[in-house]
Amino acid sequence: MRFASPTRGGDLVAVLASNTWAAMQGRDALALEWDDGQAFTMSSDEIESAYRALAGTPGRPVTQRGDAAARLDEAAQVIEADYVVPYLAHAAMEPLNCVVDLQDDHCTIHNGEQWQTLDQQLVGELLGLAPEQITIHQLYAGGSFGRRANPVSDYVLEAAAIARAARAQGRGAPIKMVWSREDDTRGGHYRPLNVHRARLGLDEAGKPVAWQQRIVGQSILTGTALESMVKDGIDPTSVEGIADLPYAVPALNVELHSPSDIGVPVQWWRSVGHTHTAFSTESLIDEAAVAAGQDPYRYRRELLAEHPRWRGVLDLAAEQAGWTSDLAPGGEGVKRGRGIAIHQSFSSYVAQVAEVSVDAENRLKVERVVCALDCGVAVNPDVIRAQMEGGIGFALAAALHSEITLDGGQVVQSNFNDFQVLRLDEMPRIEVHIVASGEPPTGVGEPGVPPLAPAVTNAIHAATGRRIRRLPIGDQLGA
């Protein structure tokens, strides 16, 4: 059955059958010819190259505290670095699916929901029904990580459009739409590829005096029902975690480029913009500490003198990790190191210390992660620990392996064989320590993700002297 795509433009094809297996067999038997005349055809390498060129030009001002350019000219030492993160799929255990029962004056939806209000509104607009004529039954889903809160309700609208087309052909039964894993990986919405170009100036004592950072990446909110949140061309989800950097730096200038000509569908991924801003900021501050010849933990601590909650988790993580003690030897040819990172997101403060080992063949193993969290009043400590552990495992997959790449505008990866997630034997020992607090309770589902990648890459530098400035780490240690 051919139907008009409600979000992608043009027509799509759906196969209707009495069960999922029969539908998939029918879909696989189709011989389709697509008109690619207007298709986006850039590769990941081409996008990154274009982004690097943009990073060399002034962007829209985000944070203008002091004159970073002038202070950089006067600095005793300047660190310059590009940090790159790829497109990422959500890769939830359960691929996208949805049940739509469409009647003349009512539509009932069964779905693993993250965003009922928007889905209800947009389905109503598509079908010509009022919101109160749309009933949504929320089901537990096998993961989502943001994918089921799509800013244009893509797969829910697709299911509704199929139901409408089927009804027009006299098929009034409820429609259960199921995407295969390959559909989900190759036809989804992705965490945006981002390039960060940073310059950090230090004085004679090694203290930072100027921080300049340009971010290049697609806006998630532009073109959605939430576009009103974009102010003066700045999508807040692109710069969160860097726009309000807590470190005591006299001059901080942050700029943003949001290319509008990149035709890759994007949306939030667990912890949204913090996924890439934490990697860049916590890598750069670590580079500054090393360049200054100072301990990375104490260097951060001194720069956070006016932020007691940041210091609280930093101190707790360092203490529980035994930061001041030597790591036990790792055996012949094995190098070991610790790395630390700290980040605030969703009003919660998280510090993590990662311990890694790298053997003689440059094989990396993340051995242990110590996590300290201040999320206000700990309503349910078991849930808090579980969310931190899950977030760390989720983030480690992206740090080590996961990426979506494009070739001629098409996604290369298809399933877990080439979009690799974390394997059981890669999961580190995790310790979670919760700060006792009387502050209002804050988020725990996402804040465990951002500090993990920089903690690991900082630990790799401590072990090997090698800086990792792009994710995933992959085989960079053996290159």
Side-chain angles (χ1 to χ4, degrees), residues 241 245-247 271 274-275 277-279 281-290 294-328 336-357 366-378 381-382 384-396 399 427-437 439 442-463:
L245 191 75
Y247 293 119
S271 78
H274 299 282
T275 65
T277 60
F279 176 58
T281 57
E282 284 303 290
S283 295
L284 186 60
I285 201 69
D286 212 75
E287 295 200 36
V290 172
Q294 299 182 30
D295 176 84
Y297 153 59
R298 297 193 180 281
Y299 191 79
R300 287 172 170 81
R301 193 178 193 281
E302 184 176 348
L303 296 174
L304 294 169
E306 297 183 7
H307 298 278
R309 296 184 75 182
W310 287 80
R311 268 193 168 192
V313 292
L314 187 67
D315 289 345
L316 182 57
E319 176 188 356
Q320 294 297 327
W323 182 265
T324 58
S325 64
D326 293 333
L327 284 166
R336 301 195 65 196
R338 285 194 189 99
I340 194 166
I342 184 171
H343 197 76
Q344 186 259 15
S345 62
F346 301 88
S347 301
S348 293
Y349 304 80
V350 179
Q352 292 173 3
V353 175
E355 296 178 5
V356 307
S357 61
V366 181
E367 306 281 359
R368 179 187 182 212
V369 176
V370 177
C371 174
L373 164 71
D374 180 350
C375 60
V377 173
D382 286 343
I384 293 170
R385 291 189 180 90
Q387 288 291 341
M388 290 300 108
E389 291 166 356
I392 288 167
F394 185 82
L396 186 55
M427 190 68 176
R429 292 183 293 117
I430 297 176
E431 302 170 21
V432 178
H433 303 276
I434 303 169
V435 172
S437 173
E439 297 291 333
T442 49
V444 297
E446 307 190 64
V449 173
L452 188 279
V456 169
T457 55
N458 292 338
I460 290 171
H461 180 269

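Along the sequence shown, residues are numbered consecutively beginning with 1.
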To the nearest 0.5 Å, tell me how far H433 NE2 sits from L373 CG.
11.5 Å

I'd like a table of donor-acceptor pairs (distance under 3.5 Å, sequence neighbours excluded) in which one partner is a side-chain atom from residues 344-351, with atom names and distances.
{"unit_1": "S348", "atom_1": "OG", "unit_2": "T442", "atom_2": "OG1", "d": "2.7"}
{"unit_1": "S348", "atom_1": "OG", "unit_2": "G443", "atom_2": "N", "d": "3.3"}
{"unit_1": "S348", "atom_1": "OG", "unit_2": "G443", "atom_2": "O", "d": "2.5"}

Under a 3.5 Å distance rule, please check whether E355 uses its side chain to pair with a backbone N or O of E367 as donor and acceptor.
no

Minimal heavy-atom distance between L304 and R311, with the atoms involved, is O-CG, 3.6 Å

Supply the atom-to-atom distance L284 CG to E287 CD, rounded to the nearest 0.5 angstrom.
6.0 Å

Looking at L314 and R300, what are the two nearest heavy atoms and their distance?
CD2-CB, 3.9 Å

What closest approach, in Å, do E389 and M427 show between heavy atoms, and which atom pair accounts for it?
O-CE, 3.7 Å

Nearest atoms (heavy-atom pairs only) where I342 meets W310
CD1-O, 3.1 Å

Kindly compute the distance separating CZ (R336) from OG (S357), expressed to the nearest 0.5 Å.
6.5 Å

Closest non-hydrogen contact found for I392 with G448 is CG1-O, 4.0 Å

What distance separates R338 CZ from T324 OG1, expressed to the nearest 0.5 Å?
8.0 Å

Any side-chain to backbone donor/acceptor pair from T275 onto S271? Under 3.5 Å, distance only.
no

Less than 4.5 Å apart, side chain to side chain, heavy atoms only: is that true for C371 and Q352?
yes

Go through it in stages, so that I can follow the logic: the residues are Q387 and I384, the test is side chain to side chain contact (heavy atoms under 4.5 Å, CB included), and I'd like the CA-CA distance, side-chain angles, deciding distance and then a yes or no.
CA-CA 5 Å; Q387 288 291 341; I384 293 170; 5.9 Å; no

Applying the side chain to side chain contact (heavy atoms under 4.5 Å, CB included) test to I285, which of L245, L303, N458 qualifies?
L303

Distance-minimising heavy-atom pair for V432 and M388
CG2-CB, 3.8 Å

Going from CD on E282 to OG1 on T457, what distance comes out if it is rounded to the nearest 0.5 angstrom?
10.0 Å

Could you go step by step and tell me if V449 and H274 meet the side chain to side chain contact (heavy atoms under 4.5 Å, CB included) rule?
CA-CA 8 Å; V449 173; H274 299 282; over 6 Å; no

Verdict with reasoning, H343 to T277, per side chain to side chain contact (heavy atoms under 4.5 Å, CB included)
CA-CA 9 Å; H343 197 76; T277 60; 4.0 Å; yes

